[in-house]
Protein chains: 2
Amino acid sequence: AQMALERDYEAQRDYDTRLRVLLETTDEAVIFVSAESGRILDLNRPAAKMLGGDVTELSGAPFAQEFEGRRRGEFLESLAAAAASDAHTTVSLTARRSERKLSMEARVFRAAGERMLLCRVEASDGQQDVPDVLG
Amino acid sequence: AQMALERDYEAQRDYDTRLRVLLETTDEAVIFVSAESGRILDLNRPAAKMLGGDVTELSGAPFAQEFEGRRRGEFLESLAAAAASDAHTTVSLTARRSERKLSMEARVFRAAGERMLLCRVEASDGQQDVPDVLG
(Lines give C-alpha, C1' and ligand atoms only; values in the text may rest on other atoms or scores of the structure.)
Protein backbone atom coordinates (compact mmCIF):
# COMPACT_ATOMS: atom_id res chain seq x y z
CA ALA A 1 0.00 0.00 0.00
CA GLN A 2 2.88 2.32 0.78
CA MET A 3 4.41 1.67 -2.63
CA ALA A 4 1.12 2.28 -4.41
CA LEU A 5 0.67 5.51 -2.49
CA GLU A 6 4.14 6.67 -3.49
CA ARG A 7 3.47 5.87 -7.14
CA ASP A 8 0.21 7.79 -7.01
CA TYR A 9 1.96 10.62 -5.24
CA GLU A 10 4.53 10.86 -8.02
CA ALA A 11 1.77 10.83 -10.64
CA GLN A 12 -0.12 13.59 -8.85
CA ARG A 13 2.94 15.85 -8.53
CA ASP A 14 2.91 15.84 -12.27
CA TYR A 15 -0.57 17.48 -12.27
CA ASP A 16 0.71 20.26 -10.06
CA THR A 17 3.39 21.07 -12.66
CA ARG A 18 0.95 20.82 -15.57
CA LEU A 19 -1.47 23.17 -13.81
CA ARG A 20 1.35 25.66 -13.22
CA VAL A 21 2.50 25.58 -16.86
CA LEU A 22 -1.05 25.89 -18.20
CA LEU A 23 -1.77 28.85 -15.90
CA GLU A 24 1.42 30.59 -17.06
CA THR A 25 0.78 29.88 -20.72
CA THR A 26 -2.84 30.89 -21.14
CA ASP A 27 -3.61 34.46 -22.16
CA GLU A 28 -6.99 34.29 -20.44
CA ALA A 29 -7.19 35.88 -17.00
CA VAL A 30 -8.08 33.17 -14.47
CA ILE A 31 -8.38 33.13 -10.68
CA PHE A 32 -8.97 30.22 -8.28
CA VAL A 33 -10.86 31.25 -5.14
CA SER A 34 -11.72 29.27 -2.00
CA ALA A 35 -15.47 29.45 -1.46
CA GLU A 36 -14.92 28.80 2.26
CA SER A 37 -12.31 31.41 3.12
CA GLY A 38 -13.09 33.80 0.26
CA ARG A 39 -9.37 34.08 -0.45
CA ILE A 40 -7.54 33.92 -3.76
CA LEU A 41 -5.81 30.51 -3.98
CA ASP A 42 -4.07 31.07 -7.28
CA LEU A 43 -4.14 33.43 -10.24
CA ASN A 44 -2.13 34.12 -13.36
CA ARG A 45 -0.43 37.26 -14.62
CA PRO A 46 -3.18 38.44 -16.96
CA ALA A 47 -5.61 38.24 -14.00
CA ALA A 48 -3.26 40.08 -11.64
CA LYS A 49 -2.77 42.80 -14.25
CA MET A 50 -6.53 43.31 -14.65
CA LEU A 51 -6.93 43.59 -10.88
CA GLY A 52 -4.03 46.04 -10.77
CA GLY A 53 -1.60 44.09 -8.59
CA ASP A 54 0.97 41.36 -9.00
CA VAL A 55 0.60 37.62 -8.57
CA THR A 56 2.55 37.45 -5.29
CA GLU A 57 0.65 40.19 -3.45
CA LEU A 58 -2.75 38.98 -4.67
CA SER A 59 -2.21 35.30 -3.77
CA GLY A 60 -4.01 34.70 -0.49
CA ALA A 61 -5.79 38.09 -0.57
CA PRO A 62 -9.52 38.28 0.29
CA PHE A 63 -11.14 38.24 -3.15
CA ALA A 64 -14.17 40.44 -2.42
CA GLN A 65 -11.95 43.29 -1.23
CA GLU A 66 -10.45 43.57 -4.70
CA PHE A 67 -13.74 44.99 -5.99
CA GLU A 68 -15.56 48.20 -5.23
CA GLY A 69 -18.63 48.04 -3.01
CA ARG A 70 -18.56 44.28 -2.55
CA ARG A 71 -19.10 42.58 0.78
CA ARG A 72 -17.69 39.11 1.16
CA GLY A 73 -20.76 36.92 1.71
CA GLU A 74 -22.98 38.63 -0.85
CA PHE A 75 -20.16 38.70 -3.39
CA LEU A 76 -19.25 35.00 -3.27
CA GLU A 77 -22.95 34.11 -3.28
CA SER A 78 -23.61 36.13 -6.42
CA LEU A 79 -20.65 34.45 -8.14
CA ALA A 80 -21.79 31.00 -7.06
CA ALA A 81 -25.32 31.77 -8.28
CA ALA A 82 -23.95 32.90 -11.64
CA ALA A 83 -21.87 29.73 -11.81
CA ALA A 84 -24.88 27.53 -11.03
CA SER A 85 -27.09 29.02 -13.73
CA ASP A 86 -27.25 27.25 -17.07
CA ALA A 87 -26.35 30.23 -19.20
CA HIS A 88 -22.91 31.79 -19.14
CA THR A 89 -23.93 34.46 -16.68
CA THR A 90 -21.38 37.17 -16.10
CA VAL A 91 -21.10 39.49 -13.12
CA SER A 92 -20.03 43.10 -13.71
CA LEU A 93 -17.45 44.49 -11.33
CA THR A 94 -15.03 47.36 -10.84
CA ALA A 95 -11.54 46.39 -9.68
CA ARG A 96 -10.50 48.48 -6.69
CA ARG A 97 -6.77 48.77 -7.47
CA SER A 98 -6.92 49.26 -11.23
CA GLU A 99 -10.34 50.98 -11.32
CA ARG A 100 -11.12 48.91 -14.40
CA LYS A 101 -14.57 47.64 -15.27
CA LEU A 102 -14.49 43.88 -15.55
CA SER A 103 -16.92 41.11 -16.32
CA MET A 104 -16.51 37.82 -14.51
CA GLU A 105 -17.72 34.32 -15.20
CA ALA A 106 -17.39 31.69 -12.47
CA ARG A 107 -17.54 27.95 -12.13
CA VAL A 108 -17.98 26.12 -8.82
CA PHE A 109 -16.25 22.81 -8.18
CA ARG A 110 -15.04 20.65 -5.33
CA ALA A 111 -11.36 19.73 -4.84
CA ALA A 112 -9.85 17.94 -1.84
CA GLY A 113 -13.18 18.30 -0.01
CA GLU A 114 -13.28 22.07 -0.41
CA ARG A 115 -15.57 24.19 -2.56
CA MET A 116 -13.70 26.38 -5.01
CA LEU A 117 -14.50 28.86 -7.73
CA LEU A 118 -12.67 29.20 -11.00
CA CYS A 119 -13.23 32.76 -12.19
CA ARG A 120 -12.49 34.06 -15.68
CA VAL A 121 -12.14 37.79 -15.96
CA GLU A 122 -12.49 39.96 -19.03
CA ALA A 123 -12.18 43.70 -19.46
CA SER A 124 -15.54 45.25 -20.24
CA ASP A 125 -14.05 48.71 -20.84
CA GLY A 126 -12.45 47.69 -24.11
CA GLN A 127 -8.95 48.31 -22.74
CA GLN A 128 -6.38 45.68 -23.53
CA ASP A 129 -3.19 47.17 -22.10
CA VAL A 130 -2.12 48.34 -18.69
CA PRO A 131 -4.64 51.03 -17.84
CA ASP A 132 -3.63 54.63 -17.34
CA VAL A 133 -5.23 54.88 -13.92
CA LEU A 134 -6.45 58.33 -12.90
CA GLY A 135 -5.80 58.66 -9.19
CA ALA B 1 6.35 10.14 7.35
CA GLN B 2 3.32 8.12 6.26
CA MET B 3 0.97 10.81 7.62
CA ALA B 4 2.91 13.58 5.92
CA LEU B 5 2.84 11.67 2.65
CA GLU B 6 -0.93 11.24 2.92
CA ARG B 7 -1.41 14.93 3.63
CA ASP B 8 0.71 15.83 0.63
CA TYR B 9 -1.17 13.32 -1.44
CA GLU B 10 -4.48 14.95 -0.53
CA ALA B 11 -3.10 18.37 -1.41
CA GLN B 12 -1.84 17.13 -4.78
CA ARG B 13 -5.16 15.52 -5.69
CA ASP B 14 -6.52 19.00 -5.49
CA TYR B 15 -4.16 20.10 -8.33
CA ASP B 16 -5.42 17.31 -10.52
CA THR B 17 -8.99 18.62 -10.15
CA ARG B 18 -7.93 22.23 -10.70
CA LEU B 19 -6.06 21.25 -13.86
CA ARG B 20 -9.14 19.41 -15.13
CA VAL B 21 -11.48 22.35 -14.47
CA LEU B 22 -9.08 24.85 -16.04
CA LEU B 23 -8.68 22.67 -19.14
CA GLU B 24 -12.45 22.41 -19.51
CA THR B 25 -13.03 26.10 -18.93
CA THR B 26 -10.49 27.70 -21.21
CA ASP B 27 -11.50 28.55 -24.77
CA GLU B 28 -7.92 28.18 -25.95
CA ALA B 29 -7.03 24.91 -27.64
CA VAL B 30 -4.33 23.19 -25.57
CA ILE B 31 -2.63 19.78 -25.82
CA PHE B 32 -0.16 18.09 -23.44
CA VAL B 33 2.25 15.76 -25.25
CA SER B 34 4.89 13.38 -23.87
CA ALA B 35 8.24 14.22 -25.50
CA GLU B 36 9.40 10.65 -24.82
CA SER B 37 6.53 8.64 -26.29
CA GLY B 38 5.26 11.31 -28.68
CA ARG B 39 1.73 10.58 -27.50
CA ILE B 40 -1.03 13.00 -26.51
CA LEU B 41 -1.34 12.94 -22.71
CA ASP B 42 -4.27 15.29 -22.42
CA LEU B 43 -6.17 17.81 -24.50
CA ASN B 44 -9.32 19.88 -24.24
CA ARG B 45 -12.38 20.09 -26.44
CA PRO B 46 -11.36 23.14 -28.48
CA ALA B 47 -8.10 21.32 -29.34
CA ALA B 48 -9.88 18.07 -30.25
CA LYS B 49 -12.27 20.04 -32.47
CA MET B 50 -9.42 21.70 -34.36
CA LEU B 51 -7.75 18.33 -34.92
CA GLY B 52 -11.07 16.91 -36.10
CA GLY B 53 -11.60 14.21 -33.47
CA ASP B 54 -12.95 13.96 -29.96
CA VAL B 55 -11.12 14.07 -26.65
CA THR B 56 -11.48 10.36 -25.91
CA GLU B 57 -10.16 9.06 -29.23
CA LEU B 58 -7.29 11.55 -29.35
CA SER B 59 -6.08 10.91 -25.78
CA GLY B 60 -3.07 8.60 -26.06
CA ALA B 61 -2.82 8.94 -29.86
CA PRO B 62 0.59 9.51 -31.49
CA PHE B 63 0.70 13.29 -31.89
CA ALA B 64 2.75 13.48 -35.11
CA GLN B 65 0.26 11.26 -36.95
CA GLU B 66 -2.43 13.91 -36.50
CA PHE B 67 -0.62 16.14 -39.01
CA GLU B 68 0.05 15.74 -42.68
CA GLY B 69 3.55 14.82 -43.78
CA ARG B 70 5.03 14.75 -40.30
CA ARG B 71 7.35 12.05 -39.07
CA ARG B 72 7.59 11.58 -35.34
CA GLY B 73 11.21 12.44 -34.52
CA GLU B 74 11.49 15.41 -36.82
CA PHE B 75 8.11 16.73 -35.72
CA LEU B 76 8.73 16.70 -31.98
CA GLU B 77 12.19 18.14 -32.53
CA SER B 78 10.84 21.07 -34.53
CA LEU B 79 8.28 21.77 -31.81
CA ALA B 80 10.92 21.56 -29.07
CA ALA B 81 13.19 23.88 -31.07
CA ALA B 82 10.34 26.38 -31.46
CA ALA B 83 9.67 26.11 -27.73
CA ALA B 84 13.33 26.72 -26.87
CA SER B 85 13.66 29.87 -28.97
CA ASP B 86 13.19 33.21 -27.25
CA ALA B 87 10.54 34.52 -29.57
CA HIS B 88 7.05 33.07 -29.70
CA THR B 89 7.85 30.88 -32.66
CA THR B 90 4.92 29.12 -34.23
CA VAL B 91 4.95 26.01 -36.39
CA SER B 92 2.51 25.79 -39.32
CA LEU B 93 0.70 22.48 -39.72
CA THR B 94 -2.23 20.85 -41.47
CA ALA B 95 -4.39 18.60 -39.31
CA ARG B 96 -4.93 15.23 -40.97
CA ARG B 97 -8.49 14.57 -39.79
CA SER B 98 -9.96 18.06 -40.13
CA GLU B 99 -7.70 19.21 -43.02
CA ARG B 100 -7.43 22.55 -41.27
CA LYS B 101 -4.38 24.76 -41.38
CA LEU B 102 -3.18 25.38 -37.85
CA SER B 103 -0.40 27.27 -36.18
CA MET B 104 1.11 25.81 -33.07
CA GLU B 105 3.17 27.26 -30.26
CA ALA B 106 4.87 24.89 -27.81
CA ARG B 107 6.50 25.03 -24.43
CA VAL B 108 8.78 22.32 -23.04
CA PHE B 109 8.78 21.45 -19.35
CA ARG B 110 9.58 18.61 -17.01
CA ALA B 111 6.97 16.91 -14.81
CA ALA B 112 7.48 13.75 -12.72
CA GLY B 113 10.87 13.24 -14.37
CA GLU B 114 9.45 13.26 -17.88
CA ARG B 115 9.80 15.87 -20.62
CA MET B 116 6.49 17.21 -21.84
CA LEU B 117 5.24 19.75 -24.31
CA LEU B 118 2.33 22.08 -23.78
CA CYS B 119 1.06 23.00 -27.25
CA ARG B 120 -1.36 25.82 -28.00
CA VAL B 121 -3.12 25.56 -31.31
CA GLU B 122 -4.78 28.30 -33.32
CA ALA B 123 -6.56 28.17 -36.64
CA SER B 124 -4.54 29.95 -39.32
CA ASP B 125 -7.31 29.62 -41.92
CA GLY B 126 -9.55 32.14 -40.23
CA GLN B 127 -12.23 29.54 -39.54
CA GLN B 128 -13.75 29.64 -36.09
CA ASP B 129 -16.48 27.02 -36.29
CA VAL B 130 -16.58 23.34 -37.03
CA PRO B 131 -15.06 23.06 -40.48
CA ASP B 132 -17.05 21.76 -43.40
CA VAL B 133 -14.55 19.08 -44.30
CA LEU B 134 -14.43 18.10 -47.96
CA GLY B 135 -13.67 14.41 -48.04
Side-chain angles (χ1 to χ4, degrees), chain A residues 1-37 40-44 46-47 59 79 82-83 88-90 104-122, chain B residues 1-37 40-44 46-47 59 79 82-83 88-90 104-122:
Chain A
Q2 172 73 8
M3 282 298 288
L5 194 63
E6 277 171 8
R7 266 199 309 276
D8 281 0
Y9 175 68
E10 187 66 18
Q12 300 299 339
R13 261 227 304 234
D14 161 38
Y15 293 118
D16 178 13
T17 311
R18 287 198 214 178
L19 172 63
R20 190 94 352 246
V21 174
L22 183 56
L23 263 179
E24 284 170 11
T25 302
T26 183
D27 289 329
E28 292 173 1
V30 291
I31 309 170
F32 286 99
V33 179
S34 161
E36 260 95 291
S37 73
I40 295 174
L41 295 169
D42 210 345
L43 78 169
N44 63 2
S59 295
L79 281 181
H88 281 274
T89 312
T90 60
M104 196 181 300
E105 205 177 283
R107 197 172 150 182
V108 187
F109 65 101
R110 207 164 251 290
E114 201 189 349
R115 260 176 78 224
M116 291 184 193
L117 295 162
L118 173 55
C119 304
R120 264 179 61 184
V121 192
E122 278 178 19
Chain B
Q2 172 71 8
M3 284 297 290
L5 194 64
E6 279 173 5
R7 265 199 311 276
D8 280 359
Y9 176 67
E10 187 65 18
Q12 300 297 341
R13 259 227 305 235
D14 161 37
Y15 294 118
D16 178 14
T17 311
R18 287 198 214 178
L19 172 64
R20 192 90 356 246
V21 174
L22 183 56
L23 262 179
E24 284 170 12
T25 303
T26 183
D27 290 329
E28 292 173 2
V30 291
I31 308 169
F32 286 98
V33 179
S34 161
E36 259 93 293
S37 72
I40 296 174
L41 295 168
D42 209 346
L43 79 169
N44 63 2
S59 296
L79 280 182
H88 282 274
T89 313
T90 60
M104 197 183 300
E105 205 178 282
R107 196 172 151 179
V108 188
F109 65 100
R110 206 163 253 289
E114 202 189 350
R115 260 175 78 224
M116 293 185 191
L117 295 162
L118 172 56
C119 303
R120 265 179 60 183
V121 192
E122 278 178 18

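Throughout, a chain's letter reflects where its sequence line sits, starting with A, and its residues are numbered from 1.
Contacts of Val21(B) with chain A are made by both backbone and side-chain atoms, with heavy-atom separations under 4.5 Å. Within the 4.5 angstrom heavy-atom criterion, only side-chain atoms of Arg107(B), from C-beta onward, approach chain A. For Glu24(B), the parts lying near chain A are the backbone and the side chain together; criterion is any non-hydrogen pair under 4.5 Å. Heavy atoms closer than 4.5 Å to chain B are found in the side chain of Leu118(A), but not in its backbone. Of the atoms belonging to Arg18(A), heavy atoms from both backbone and side chain fall under 4.5 Å from chain B.
Minimum interatomic distance between Gly113(B) and Glu36(B) (heavy atoms only, all atoms of both residues): O-OE2, 4.4 Å. Residues Ile31(B) and Ala47(B) share a closest heavy-atom pair of CG1-CB, 3.6 Å.
Contact check for Thr17(A) versus Arg110(B): no side-chain heavy atoms found under the 4.5 Å cut-off.
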Open item on the list: One pair to check against side-chain contact (heavy atoms from CB on, under 4.5 Å): Glu28(A) and Thr25(B). What are the steps and the verdict?
Closed with: CA-CA 10 Å; Glu28(A) 292 173 1; Thr25(B) 303; over 6 Å; no
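Under a 3.5 Å cut-off, the side chain of Asn44(A) and the backbone N or O of Leu23(A) do form a donor-acceptor pair.
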